[in-house]
K.L.:
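Here it is, the structure in full.
So that the names make sense, note that chain A is the first sequence line, chain B the second, and so on, each numbered from 1.
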Protein chains: 2
Amino acid sequence: MLAYGVRVGDVFKALADPTRRAILDELQERSGQTLFELITRLISRHGLTSTRQAVSQHLEVLEGAGLVRTRREGRYKFHELDTAPLRAITDRWRIDP
Amino acid sequence: MLAYGVRVGDVFKALADPTRRAILDELQERSGQTLFELITRLISRHGLTSTRQAVSQHLEVLEGAGLVRTRREGRYKFHELDTAPLRAITDRWRIDP
DNA sequence: ACCATAGGCAAGCACCTGCTTGCATGACAA
DNA sequence: TTGTCATGCAAGCAGGTGCTTGCCTATGGT
């Protein structure tokens, strides 16, 4: 079940970008990162060269798809992975064993 | 495991289009359809209005992603769904129960 | 107060993508 | 062969997407 306001197409579109998939990888490996933590680790561990604004925009897309949840604390914003929308994929087509 | 020549990004990009997802739905429901069968059923059952060329190009993308396999018989080309590449998604992120 | 830090907003731009359009190829029937 | 049916190929175009650039807001430390 998708959260209210999240369209199925948003999930698939969000997954279509390699940088966004790397962000999901990073958040799975280390949950609750801030924007700057993410940028640093994306560069050092995934070889990406994305700027702050680029990563920020990707996070907006991921959040719009329900794949990333956020919480604010002071001037920090922490990001967490939410894989629930991926059920839209696994429940839709029978995956051969 | 993905077939040789299929990149992970191709699978995600292929899934990013709603018409292509409808094609996968159709092939799951009825395997081995020709191009014209697909067009007819996409229109009548999914409310789409895609032309032959549009669907043909979508099938190329899906085949390039390994999600659709084809076999030729005379002047007919039959299409089948192959969900194996979807493991690239389910194996990558832990999906919460 | 002052400044640095963490993040947000928005316009502009180059590239990509899906679709159309028109023509071509190959298989089968009469 | 002639015609038709199923499909393939390729150029062009409009809209979308990812990214940059520049400026702004807000929080917390000193």
K.L.:
With DNA chain D as reference, determine whether A:V55 or B:S56 sits nearer its 5' end, using the nearest nucleotide of each.
P.N.:
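So the residue in question is B:S56.
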
K.L.:
Taking atom types as they are modelled, is there a donor-acceptor pair under 3.5 Å from the base of C:dT17 to the side chain of B:Q57?
P.N.:
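Per atom types, no contact qualifies.
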
K.L.:
Please check if the side chain of A:T83 supplies one atom and the backbone of B:D96 the other of a donor-acceptor pair under 3.5 Å.
P.N.:
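Checked: pair present.
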
K.L.:
Would you mind reading off the distance between A:L38 atom CG and C:dG7 atom P, rounded to a whole angstrom?
P.N.:
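It works out to 9 Å between those atoms.
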
K.L.:
Check whether any side-chain nitrogen or oxygen of A:T51 sits under 4.0 Å from OP1 or OP2 of D:dT20, and answer yes or no.
P.N.:
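Answer yes for this pair, as a side-chain N or O of A:T51 is under 4.0 Å from OP1 or OP2.
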
K.L.:
Would you tell me if any nitrogen or oxygen in the side chain of A:H58 comes within less than 4.0 Å of OP1 or OP2 on D:dT17?
P.N.:
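No.
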
K.L.:
Inspect the contact between B:R41 and B:E26 and indicate whether a charged nitrogen and a carboxylate oxygen are less than 4.0 angstrom apart.
P.N.:
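Here B:E26 pairs with B:R41 in a salt bridge, since their nearest N and O are under 4.0 Å apart.
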
K.L.:
Rounded to the nearest 0.5 Å, what separation is found between the CG atom of A:L27 and the CG atom of A:L62?
P.N.:
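That separation rounds to 8.0 Å.
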
K.L.:
Rounded to the nearest Å, what distance is computed from the CD atom of residue B:E37 to the C1' atom of nucleotide D:dC5?
P.N.:
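So the CD-C1' distance, B:E37 to D:dC5, works out to 14 Å.
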
K.L.:
Return the value, rounded to whole Å, for the distance between atom CD of B:Q53 and atom P of D:dG8.
P.N.:
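For the pair B:Q53 CD and D:dG8 P, the rounded distance is 11 Å.
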
K.L.:
In this structure, how many angstroms lie between the P atom of D:dG8 and the CD1 atom of B:I39, rounded?
P.N.:
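My rounded result for the distance is 11 Å.
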
K.L.:
Taking CZ from B:R21 and C1' from C:dG18, how many angstroms apart are they, rounded to a whole number?
P.N.:
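After rounding, the reported distance stands at 14 Å.
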
K.L.:
Rounded to the Å, how far apart are A:R52 CZ and C:dA4 P?
P.N.:
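Distance, rounded to whole Å: 16 Å.
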
K.L.:
Rounded to the nearest Å, what distance is computed from the CD atom of residue A:E63 to the P atom of nucleotide C:dG8?
P.N.:
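Those two atoms, CD and P, are 9 Å apart.
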
K.L.:
Where along residues 6-18 of chain B does a heavy atom come under 4.0 Å from DNA chain C, residue by residue in number order?
P.N.:
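DNA chain C contact set from residues 6-18 of chain B: B:K13, B:D17.
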
K.L.:
Does the A:H79 side chain pair with the main chain of A:G32, one donor and one acceptor, at a distance under 3.5 Å?
P.N.:
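Not at all, since once roles are kept as given, no pair shorter than 3.5 Å links the two residues.
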
K.L.:
For a side chain to side chain donor-acceptor pair (under 3.5 Å) check, start with the C-alpha distance between B:E63 and B:T70, then their side-chain angles and the critical distance, and finish with the verdict.
P.N.:
CA-CA 8 Å; B:E63 198 173 352; B:T70 61; 3.0 Å; yes

K.L.:
Does B:K77 place a side-chain N or O at less than 4.0 Å from the phosphate oxygens OP1/OP2 of C:dA27?
P.N.:
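Checking B:K77 against C:dA27: no side-chain N or O falls below 4.0 Å of OP1 or OP2.
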
K.L.:
Sugar-phosphate atoms are those with a prime plus P, OP1 and OP2; base atoms are the rest. Using that split, label each nucleotide of nucleotides 25-30 of chain D B, S or - for protein heavy atoms under 4.0 Å, 5' to 3'.
P.N.:
--BS--

K.L.:
With a cut-off of under 6.0 Å to the ring centre and 45° to the axis, is B:R21 in cation-pi contact with A:F12?
P.N.:
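Yes, cation above the ring, under 6.0 Å and within 45°.
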
K.L.:
To the nearest angstrom, how far is A:R20 atom CZ from D:dT17 atom C1'?
P.N.:
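In whole Å, D:dT17 C1' and A:R20 CZ are 8 Å from each other.
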
K.L.:
So, B:H58 side chain and B:R20 main chain: donor-acceptor pair closer than 3.5 Å or not?
P.N.:
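Between the backbone of B:R20 and the side chain of B:H58 there is no qualifying donor-acceptor contact (under 3.5 Å).
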
K.L.:
Categorize B:S50 for me: base, sugar-phosphate, or nothing, with a 4.0 angstrom heavy-atom threshold over every strand shown.
P.N.:
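Result for B:S50 = nothing.
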
K.L.:
Does A:T40 use its side chain to pair, donor to acceptor, with the backbone of A:F36 at less than 3.5 Å?
P.N.:
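Confirmed, A:T40 side chain pairs with A:F36 backbone.
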
K.L.:
Using side-chain heavy atoms (C-beta onward) and a distance below 4.5 Å, is A:V55 in contact with A:L48?
P.N.:
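The answer is no, as the side chains (C-beta and beyond) never meet within the 4.5 Å cut-off.
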
